[in-house]
Amino acid sequence: MILNEVFETIKKRIEERPEGSYVAKLIEDDEKSGLNKICEKIGEEAVELILAAKDNKREEIIHETADLIFHVMILLAYKEIELEEIYKEFERRRK
Ligand SMILES: N=c1c2ncn([C@@H]3O[C@H](COP(=O)(O)OP(=O)(O)OP(=O)(O)O)[C@@H](O)[C@H]3O)c2ncn1[C@@H]1O[C@H](COP(=O)(O)O)[C@@H](O)[C@H]1O
């Protein structure tokens with residue numbers, strides 16, 4: 001599944017920090033911690049998704065949802081939480 005593939009790439013980028021990588025750039029240490037920058041980005045993407053939904057812009061909703069999921073996956077990888085653990089949580093909630 002594409003989400004698993006992107007997640008594996010994110011984990012590799014966090015480990016290897018290659019030049020030109022968006023993920024590596026986001027978490028690089030500068031004046032703000034990597035965690036702060038990831039969290040800020042999640043907040044921004046969530047707001048952009050809400051605005052797209054309220055404006056009823058279908059393509060933008062799709063685009064912003066992908067951005068939000070992508071940044072949530074960066075947070076999970078950064079915190080060393082596997083996607084599998086999230087899948088299990090959904091399984092646990094299933095009625
Ligand atoms: N799926 C994505 C993906 N989705 C979104 N983005 C980036 O997330 C950012 C979203 O920011 P914004 O919505 O604010 O858009 P922006 O205005 O372009 O960005 P800013 O100037 O605001 O930072 C953009 O820069 C996008 O390029 C992504 N960057 C990478 N991936 C995947 O992640 C993998 C690792 O990427 P790298 O770390 O770049 O190798 C790649 O193989 C891709 O599959």
Side-chain angles (χ1 to χ4, degrees):
M1 201 231 271
I2 185 69
L3 283 185
N4 294 62
E5 286 172 23
V6 174
F7 191 68
E8 289 308 309
T9 306
I10 290 170
K11 287 199 287 187
K12 215 182 273 176
R13 298 294 193 265
I14 291 176
E15 204 181 302
E16 297 170 359
R17 313 273 176 111
E19 212 155 301
S21 156
Y22 173 80
V23 174
K25 178 101 181 64
L26 187 64
I27 61 168
E28 77 189 355
D29 287 327
D30 52 18
E31 77 283 359
K32 274 192 206 171
S33 78
L35 182 62
N36 275 347
K37 288 201 285 183
I38 298 167
C39 292
E40 213 169 82
K41 211 67 195 158
I42 290 174
E44 274 177 39
E45 302 302 350
V47 169
E48 284 171 13
L49 173 57
I50 291 165
L51 294 177
K54 291 204 169 187
D55 289 345
N56 210 14
K57 293 182 173 156
R58 197 172 188 281
E59 287 308 310
E60 275 184 39
I61 293 172
I62 293 169
H63 182 97
E64 300 305 343
T65 299
D67 273 351
L68 181 58
I69 291 172
F70 174 64
H71 286 88
V72 169
M73 290 202 297
I74 297 177
L75 177 66
L76 294 175
Y78 192 81
K79 290 285 187 187
E80 298 182 352
I81 294 167
E82 292 293 330
L83 271 191
E84 197 56 42
E85 295 175 71
I86 309 303
Y87 296 157
K88 278 193 189 138
E89 180 61 20
F90 276 106
E91 282 293 344
R92 197 186 62 77
R93 292 177 188 186
R94 184 144 70 171
K95 293 174 185 163

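Keep in mind that the numbers below use all heavy atoms, side chains included, and drop hydrogens, waters and symmetry copies. Atoms within each ligand, like the ligands themselves, are counted from 1 in listed order.
Remark: atom 16 (P) of ligand 1 lies closer than 4.0 Å to no protein heavy atom. Shown here, atom 40 (O) of ligand 1 is in close reach of the protein: a heavy atom of it lies under 4.0 Å off. Protein heavy atoms all stay at least 4.0 Å away from atom 26 (C) of ligand 1. Using a 4.0 Å threshold on non-hydrogen atoms, atom 43 (C) of ligand 1 does not count as touching the protein. Note that atom 1 (N) of ligand 1 has protein non-hydrogen atoms nearby, at separations under 4.0 angstrom. In this structure, atom 20 (P) of ligand 1 has protein heavy atoms in its sub-4.0 angstrom surroundings.
The closest approach between any non-hydrogen atom of Glu5 and ligand 1 is not below 4.0 Å. Residue Glu64 places no heavy atom under 4.0 Å from ligand 1. Note on ligand 1: Ile10 sits outside its first shell, no heavy atom being nearer than 4.0 Å.
Remark: minimum distance from atom 24 (C) of ligand 1 to any protein heavy atom is reached at Tyr22 CE1, 4.2 Å. The shortest contact between atom 23 (O) of ligand 1 and any protein heavy atom is with Lys41 NZ, 3.2 Å. Distance from atom 5 (C) of ligand 1 to its nearest protein heavy atom, with residue and atom name: Asp67 OD1, 3.3 Å. Scanning the protein heavy atoms around atom 38 (O) of ligand 1, the nearest turns out to be Ser21 OG, 2.5 Å. In terms of protein heavy-atom proximity, atom 28 (C) of ligand 1 is nearest to Phe70 CE2, 3.2 Å.
Set against the non-hydrogen atoms of His71, the atoms of ligand 1 under 4.0 Å away are 8 (O), 10 (C). Listed by atom number, the atoms of ligand 1 under 4.0 Å from Glu45 heavy atoms are 10 (C), 11 (O), 12 (P), 13 (O), 14 (O). Within ligand 1, counting atoms from 1 as listed, the ones closer than 4.0 Å to a heavy atom of Val23 are 38 (O). For ligand 1, the atoms sitting less than 4.0 Å from at least one non-hydrogen atom of Arg13 are 35 (C), 37 (P), 38 (O), 40 (O), numbered in the order shown with element in parentheses. In the vicinity of Thr9, heavy-atom distances shorter than 4.0 Å reach the ligand 1 atoms 34 (C), 35 (C), 42 (O).
Contact check on Lys11 versus Glu82 returns a salt bridge, with a Lys/Arg side-chain nitrogen under 4.0 Å from an Asp/Glu carboxylate oxygen. Salt-bridge check for Arg94 with Glu91: passed, with a basic side-chain N closer than 4.0 Å to an acidic carboxylate O. The pair Lys37-Glu40 fails the salt-bridge criterion, with no side-chain N (NZ, NE, NH1 or NH2) lying under 4.0 Å from an Asp/Glu carboxylate O. Residues Lys12 and Glu15 are not paired through a salt bridge, judged by the lack of any N-O separation under 4.0 Å between the basic side chain and the carboxylate.
Note on Leu68: it does not cluster hydrophobically with Val47, by side-chain heavy-atom contacts below 4.5 Å among ILVMFWY residues. Both Met1 and Val72 are part of a single hydrophobic cluster, where members link through side-chain heavy atoms under 4.5 Å apart. Transitive grouping of hydrophobic side chains (ILVMFWY, heavy atoms separated by less than 4.5 Å) brings Phe70 and Leu35 into a common cluster. Linking ILVMFWY residues whenever their side-chain heavy atoms come closer than 4.5 Å, directly or via other members, places Ile38 and Leu3 in the same cluster.
Residues Leu26 and Tyr78 have side chains not in contact (no heavy-atom distance under 4.5 Å, counting atoms from C-beta outward). Residues Thr9 and Glu5 fail the side-chain proximity criterion, which asks for heavy atoms closer than 4.5 Å.
Aromatic rings of Tyr22 and His71 (six-membered ring for Trp) have centroids within the 6.0 Å cut-off, being under it.
At a 4.0 Å heavy-atom cut-off, ligand 1 touches Glu48 through the side chain alone.
Shown here for Ala52 and Glu60, the closest heavy-atom pair between the two residues is CB-CB, 3.8 Å.
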